[in-house]
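Quick note: residue numbers are just sequence positions, from 1. As the structure lists them, so they are numbered: ligands from 1, and atoms in each ligand from 1.
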Amino acid sequence: MKANVMTAIKQPLETRDVPDPQPGPGQVRIRMHATGVCGTDVHVLNGELPVPLPLVLGHEPVGEIDTIGPGVRSVRPGDRVGVSWFQAGCGRCPYCQKKQIKFCAEPKTWITNGGGYADYMIAEACGCTLLPDNLPWESAAPLFCGGFSAMSAYRAARPQGGDRIAVIGFGGLGHIALQIAKAMGHEVLAITNSPGKAEDARKMGADEVLVVKDHVGQELQGMGGVDVILSFSPSMKQNNQSIQGLRPGGRFVTTAVSGEPIQADPVSMLFKQTSIIGSAHNDPGDSIDVLHLVAEGKVKPWLETYPIGDLNRVLTRLEEGKVRHRAVVVQA
Ligand SMILES: [Zn+2]
Ligand SMILES: [Zn+2]
C-alpha cells in the first residue's frame, strides 16, 4: 500500500510503498476514506510531541473495515467506522479499571498502531466507533479529534440551562464548540481579535461577537460577563485576561497547547468561586454525541477538502494559520 510516513522532524511526509498491514488479535484493518488534519499533526512534525519514527500520522481517520483479526466480534467487515486517539488501555492499571483509558500510561493509539494517512490502517476493534449511516466521510473525519475535543470542552464546563457561554478562538475546534453550545440552547458569545471574523462567527450561530480592543476580561464584564469560557486559543495573555470576565460560579475551560502559564487572581477566584478546567478527549461518549449532532445537521463543520496527494501542502497551510476551519484529506 501507499503510506505517507513521517521520517524526521521538520521534514515533509514521505510517500512510501509498504506491505499491507495485517490485523492481530482484537484488531481490524480499515480501508481509509478520509482523514482530518489536526493542529497536533503540526506539533508532532515540529518535534514538540515526540513519537517513534518512522510513523504514519493521522488521528482523525474514517473508513470501512475490510479485515478483522482473531477474536473480533464487535465490528465486521463493511462497517463504516472512525477511530479516535485512545483505542485501548493496558486493562490493568487503576485508570483502565475505571474505564478511563485516556489516563493509562500504556495506551494503544495511532502512535502505537499507525494513523490514517495511508491506504489502510490497523486499529483495536474496541477503539472503532460506528458512523451514523447518513454522515459523509469528510464530515465525520474531523469529529474524531477536533469535534471530540470541542464536545468534551463543552461538557467539562458542566453547562447548565441558561448559561451564557463565550468561545475564544474558532478554528478547527472552536467553530464546532460554538455550534455545539448554540445547538444545546445557550446564548453564545464569540470572542475574536479580528473584525473580519465577526461575520463568520454569526454565521456559525453566535448571538454576539466581542471584537477585542484592549482587555478582553474588562470588555466581557462590560457586556455582563459569562458563565462559561471555552478557550481554544494559545494566547495566554488573552486567556488570563478573559478569566476576569467570568460571572460568579463561572468556569474557564482550557484546551490550549502552550508553554506559557495560566494565571488568575486567587482572591477573585475565592470570592467568585470560579474554576479553571483542563480538557482534552474526556468521555468517549462525547465523540458519539457530536457525530449525531453533525449527522442531524445541528452542527456543520466548515471544511476544506483535498486529495491525499496534497497532504504536505495542507500541513503547511495549517501551520501558517490559513485553514478555514478544518482540513480533511480524501482517500477513496
Ligand atoms: Zn491502563
Ligand atoms: Zn488532534
Side-chain angles (χ1 to χ4, degrees), residues 4 6 13 26 32 34-51 55-62 82-117 121 123-124 126-127 129 138-154 156 169-177 230-234 253-258 278-284 286-287 290-291 294 301-304 311 314-315 317-319 321 323 325-329:
N4 297 280
M6 178 176 171
L13 301 179
M32 304 316 304
T35 303
V37 184
C38 177
T40 304
D41 290 335
V42 174
H43 294 300
V44 171
L45 280 167
N46 287 338
E48 295 155 36
L49 173 63
V51 294
L55 182 66
V56 177
L57 311 191
H59 60 272
E60 293 187 332
V62 294
V83 184
S84 53
W85 188 294
F86 296 103
Q87 299 172 19
C90 71
R92 300 186 59 83
C93 72
Y95 305 110
C96 285
Q97 288 291 298
K98 289 194 273 186
K99 307 291 181 235
Q100 294 183 321
I101 65 168
K102 62 191 176 179
F103 296 138
C104 177
E106 295 174 354
K108 296 287 185 199
T109 69
W110 67 274
I111 299 170
T112 52
N113 289 342
Y117 298 143
M121 70 176 268
E124 306 301 316
C126 59
T129 299
E138 62 270 24
S139 302
L143 306 179
F144 280 89
C145 182
F148 189 171
S149 302
M151 181 57 98
S152 285
Y154 168 75
F170 30 99
L173 279 58
H175 89 287
I176 304 265
L230 306 178
S231 175
F232 302 93
S233 163
V253 179
T254 174
T255 65
V257 177
S258 168
S279 180
H281 293 177
N282 301 344
D283 182 330
D286 296 342
S287 65
V290 75
L291 282 167
V294 174
W302 289 28
L303 301 176
E304 296 180 359
L311 181 55
V314 177
L315 287 162
R317 217 178 133 68
L318 183 60
E319 184 161 25
V323 171
H325 290 267
R326 196 61 155 185
V328 176
V329 290

Is a donor on one side and an acceptor on the other found under 3.5 Å between the side chain of Gln87 and the backbone of Glu124? yes
Begin from the C-alpha positions of Tyr154 and Asp286 and carry the test side chain to side chain donor-acceptor pair (under 3.5 Å) through to its verdict. CA-CA 9 Å; Tyr154 168 75; Asp286 296 342; over 6 Å; no
Could you tell me the angle subtended at the Zn ion (ligand 1) by SG of Cys93 and SG of Cys90, rounded to 10°? 110°
Could you tell me the angle subtended at the Zn ion (ligand 1) by SG of Cys96 and SG of Cys104, rounded to 10°? 100°
Parallel under 30°, tilted from 30 to 60°, perpendicular over 60°: which one fits the rings of Phe170 and His325? tilted
Are the side chain of Ser149 and the backbone N or O of Cys145 linked by a donor-acceptor pair below 3.5 Å? yes
Angle at the Zn ion (ligand 2), SG of Cys145 to NE2 of His59, rounded to 10 degrees, please. 120°
